[in-house]
Structures are given as structure tokens and as C-alpha cells.
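Before any comments, here is the structure.
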Amino acid sequence: MVENGHGHGHGHGHGHHHPPSAAPPPSIIHPPLGAARGPAFPPSEQLLQLNYCIHSNPSWGQTVLLAFQHYIVMLGSIVMIATMLVPQMGGNHGDKARVIQATLFMSGLNTLLQTLLDEDFPSAHQRFLHTMRAIQGSLIVSSFINIILGFSRAWGDFTRLFSPVIIVAYICVVGLGLSGRGFPQLGNCVEIGLPMLIFLVVFQQYMKHLHNRAHPILERFALLFCVALVWAFAALLTVSGAYNNVGNKTKLSCRTDRSYLMESAPWIKMSYPFQWGTPIFRASHVFGMMGAVLVTTVESTGTFIAASRFSGATPPPAHVLSRSIGFQGIGQLLDGAFGSIVGTTASVENVGLLGLTHVGSRRVVQVSAAFMFFFSIFGKFGAFFASIPLPIFAAIYCVLYGLVAAVGVTFIQFTNNNSMRNIYILGLSLFLGISIPQYFVMHTNLVTGRGPVNSDGVWFNDILNTIFSSPPVVAMIVGTILDNTLDAHDSREDRGVPWWVPFQHRKGDSRNEEFYSFPLRIHEYMPNRYL
């Protein structure tokens, strides 16, 4: 090279110059493809597109309408469960109306609690009463599992094993695992369910962009508009005789007068403890319910984490998850006392509604409890809205459950997306979380209730068959085992543990106290271990 001093000296000494050699081409540094094609979005610990987060509140008029919307969404799930279970238990239309009222009453009570803190029988109706009393006894006893797990902080200590890698598949399956309540139910009456689904997407996502004033109205209340529109269309089809010559299944799904709730529901009725009679306590029933309670613990925890994301909060600390499960146990104890047909858990559909409306206000959810109380007491009014055809609710759930599944995906931003270890764990957790419960459901006899686990111990069978029929439980088990045993220490950063751990401790992040302290100065009356 002739540029440096050594080259010049060498040429001068010999009295002649060598021709200059060609310089090598400069190395080209290629920027990442993402940088060339668009911006890279940094991780966001809180969703920033919410109109109202957990501590901010819309106006009282909007709050009431949003709360009524939460009531409608909750009602659909209750009616769906009662419609499926009560006839199988030998109950009539009047029994179904009472079950809906009792479950609605307890849903309101538990909403406030969480936000504030084989024989032959003479007749089918007696068989129904006997079954309800057995459910009461089973709920009362098994509720102590949640109470002990929660208030002993054992469940919170277990959740410290979680990482964002586990959370992604776990919450995804919380939403996807309820797919049976979506399009399969919608398909029972396509001419009502499909328009509801299309209208909800078009009104809520597309038409809100037509005008600035329409944007907040349709974003928050499109669901109510669509329900009223499609419900009126279903009533018109019913009155015009469109369903006079169809099968019973189509009539039950499509007609607006086939629930018989308006005729059966009393004008005024207050739920009270042991309204179905003295609870029946049997070991065989209790062990089966224990499996169900463990399932609700896992499913509710995933729902709590999804709710924190949609309400603009940071992930809930371990002690908050633990006390929430403890309060859920108290709620299930009250469910058993007041005669609810199922134990109340965190509502996945209402969490999805937080994401749909972009309103995560705690006040809205609390006011919705007032609607639940009102319509559970004044039966005729509640029966009017409970008569909405189930395919309309199913269309709503297609959107809401999808949102909950999708919010689980957002936690992947805190992990190494290019880690083959993480990809392996995510893939196996997601697939087995859906596939194993499908196997258990397919091989369960609907008449005898026997599942794939069929040993001599009936209680053992009931617990395992119930646990492995739940997609979130399977996804959580598979993900937790793999993530904590497969190069766990060397992959801490890839797993997102440094980001996740501070939120799991009471003082780990300054926002924990802001988001998860008790309202109304309740903390002054609670022992520190439960705060």
C-alpha cells in the first residue's frame, strides 16, 4: 500500500515506483430487515390504547351503559349453562328460571367481593332438587380448597414459577379452550348468529371510523346496538312463522319465545341460603367437585392476568393472585349456601369485553353487579333479557374469547422470540393444551360420566378426568414443567424472567401498590399477610 509512510520510504530507496495495488472493496454492513422495512416496536408493560384504565372512570351515563353491557355478556354464559344442565338434572322451566336467578345473584355478590374485596326417585323434579342439594354440599366442602390455597399463600408461591413463556400459551388457551361456546353454538341458528357476528365486527371496527363523533360511541356500545338489532330480527322471524315447520333443536335455538322464562319466572324473588333444601354431603360428589375447584383456580388465575393487561395495569403480584383465589373460595362457599348451579369463577367473556370497549374501569364492573342484583330479584325483567337466543351470545363470544386468547400473545414481547427453546415450549404447551382435553372429552361417556381414567378409585378418576379436560390446566402444567426444567438457569433472559420477577414481589415495582391495594381503606382492617 502506498498510503503509509513505510511504503513511501521503500519506493524512494530503489529509485522507482511500483504501480499502486487495487484497494479491497469496503465491507458493506447490512441493516436488519426490520429496520429497512419499518420501525421496531419496543415492549410495552401496559397497554397504551385504553380510553380508561382501572383507576379512571367514564361519565356516570357511560358507566351505567357499559355496566349493563357487562351484565348482558355475563347473562349469556349463565343462561347457556342453565339451559344445558337443568333439563339433564330433571328440572323444568320454572327450575331453570330459579337457577338463573340464583346464579345471577351470586355472580353479582362475587363481583363485588372480587372488586372490593345414584338412586331412583319418584319424579324428575325431585331428582332435580336432590341434584341441586348434592351440588350445594359439594360446593361448600370443596370451596375450602381455594380458601386454603389462597389465604395460606401457597397458590401465590406456586405462581412464582411462571414466566412470560408460560403465560403466553396459558392465557391463549384460556380463550381458545372455550371455542365450543362460540361458532358451534352460533351454528345452531346461522341466520341469527352469523349476522350478529358480522354486524359486531363491522359496527365496532369499521363504522367507528366514519365520523369522529361516532368513534367513541360505536367503540364502546356497538355490542348493545347489534344485540338489539339482531334480537328484533329474530323476533320478526318468530312472529312471521319462519320457524313453524322446523325441528325442535332449531326452534330452541332460533325462536325468541322458546326459553319459557317469561312465563316461568316470578315477578319478585330473593335468593336465600339453602333454598333448594338441606345440602347433601357425599364423598363421591365432593371429590368430583374438588377436581372442578382446582380447575377454576387455574382458569381464574389466567383470567386475572388477562384482565390486568386489558385494564391498563401491570401483571398481578403473587400475593394478589393468592388472595384473589382465597376470595374466590369464599365466593364458592356462598355459591353452595345460596344454591348456585355452578361455582362462580372469573368471567372470561367480561375480560374480553374490557378489551373490546377499551374501558378497564373498576367502577364499571362494580356497577354491573348492581344490574345482576336487580335482575336476579325482579325475575320478569331478568327473564326478558335472558330470552335472547343463545346464538346471539355465541357470536359475541367468538369475538370476546378471541381477544382474551390474543392478549396472551402480547406477553411474548418480553421473551426472546427467536429462541428455539422458547418456540419448543410454546408449541408443545399450546398443542397439548388443546389436544389432551379434546381426547378426554371425546372419550367421556355422557350417560355414566366415565372418562379415560377408569381405575377402581372413583374419586381418583373424577379428579383426574376433570383436571385433564381443562385446556388451561394442561397448558399450564406442560409449560411450567418444561420452562422450569429445560435449561431454565441459562435461559433466564430468554424466558423474560428479569422482566417478570419484579412484578411478583410486593415491593418489586412501584406500581404494584397503585394497582393492587384494597379500595375503600379495607387494607386497614386486613392482616398484612393477606394484602
Side-chain angles (χ1 to χ4, degrees), residues 74 77-78 81-82 85 89 98-117 129-156 158 270-301 303-304 319-347 365-366 369 372-373 376-377 459 462-463 466-467 470 518 522 525-527 529-531:
M74 167 78 74
S77 183
I78 293 173
I81 293 171
L85 294 182
M89 295 161 57
R98 289 180 63 193
V99 164
I100 291 173
Q101 284 181 273
T103 308
L104 199 57
F105 179 83
M106 288 311 305
S107 296
L109 186 60
N110 283 302
T111 298
L112 286 182
L113 187 64
Q114 285 288 359
T115 56
L116 295 173
L117 335 187
L129 292 177
H130 183 276
T131 306
M132 287 300 301
R133 291 164 59 200
I135 291 174
Q136 282 185 273
S138 302
L139 279 173
I140 290 172
V141 175
S142 60
S143 66
F144 285 96
I145 293 179
N146 272 350
I147 294 174
I148 294 171
L149 283 176
F151 291 126
S152 69
R153 295 192 294 186
W155 182 249
F158 173 75
M270 185 78 177
S271 296
Y272 55 90
F274 311 120
Q275 58 184 317
W276 305 108
T278 305
I280 297 174
F281 300 95
R282 285 190 177 178
S284 59
H285 298 154
V286 170
F287 281 118
M289 190 64 74
M290 283 182 176
V293 167
L294 290 173
V295 167
T296 63
T297 300
V298 175
E299 293 180 350
S300 293
T301 300
T303 308
F304 293 150
H319 72 280
V320 172
L321 292 174
S322 204
R323 81 183 183 205
S324 297
I325 294 302
F327 282 122
Q328 180 171 286
I330 293 176
Q332 289 170 341
L333 176 65
L334 295 174
D335 288 333
F338 279 83
S340 175
I341 195 171
V342 290
T344 305
T345 63
S347 173
V365 180
Q366 291 171 337
M372 297 175 199
F373 285 132
S376 69
I377 297 171
W459 63 271
D462 290 341
I463 291 177
T466 302
I467 287 176
S470 167
F518 279 110
I522 294 176
Y525 308 99
M526 292 285 291
R529 65 179 287 115
Y530 301 140
L531 296 178

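Quantities reported herein were computed from a predicted structural model and do not represent experimental measurements. Counting from 1, the numbers follow the sequence of the chain as shown.
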Please tabulate, for the side chains in residues 272-280, all donor-acceptor contacts under 3.5 angstrom to protein atoms that are two or more places apart in sequence or on a different chain.
unit_1, atom_1, unit_2, atom_2, d
Gln275, NE2, Phe338, O, 2.6
Trp276, NE1, Gly339, O, 2.8

Hey, could you give me the [atom1]/[atom2] distance between [X] and [Y], rounded to the nearest 0.5 Å?
X	Y	atom1	atom2	value
Met106	Leu334	CE	CG	4.5 Å
Met132	Leu129	CE	CG	9.0 Å
Thr111	Gln366	OG1	CD	10.0 Å
Arg282	Arg133	CZ	CZ	10.0 Å
Asp335	Ile140	CG	CD1	10.0 Å
Ile467	Leu294	CD1	CG	5.0 Å

message: Between Val298 and Trp155, does the side-chain contact (heavy atoms from CB on, under 4.5 Å) criterion hold? Intermediate values first, please.
response: CA-CA 10 Å; Val298 175; Trp155 182 249; 3.9 Å; yes
Of all heavy-atom pairs between [X] and [Y], which one has the smallest distance, and what is that distance?
X	Y	result
Ile78	Ser107	CD1-OG, 3.6 Å
His285	Ala134	ND1-CB, 3.5 Å
Ala82	Ile100	CB-CG1, 3.7 Å
Leu139	Val342	CD1-C, 4.2 Å
Gln101	Ser376	NE2-O, 2.8 Å
Gly150	Ser322	O-OG, 2.7 Å

Is any side-chain heavy atom of [X] closer than 4.5 Å to a side-chain heavy atom of [Y]?
X	Y	answer
Ile145	Met290	yes
Leu333	Phe144	yes
Gln332	Thr345	yes

Thr297 side chain to Val293 main-chain N or O, any donor-acceptor pair under 3.5 Å? yes
Exercise for review: Would you sort out whether Thr103 and Ile81 count as a side-chain contact (heavy atoms from CB on, under 4.5 Å), showing the intermediate values?
Suggested key: CA-CA 10 Å; Thr103 308; Ile81 293 171; over 6 Å; no
Taken in chain and number order and not counting sequence neighbours, the residues that satisfy ring-ring contact (aromatic ring centres under 6.0 Å, His included) with Phe373 are Phe105
Sorted by chain and residue number, the side chain to side chain donor-acceptor pair (under 3.5 Å) partners of Ser138 (sequence neighbours excluded) come out as none
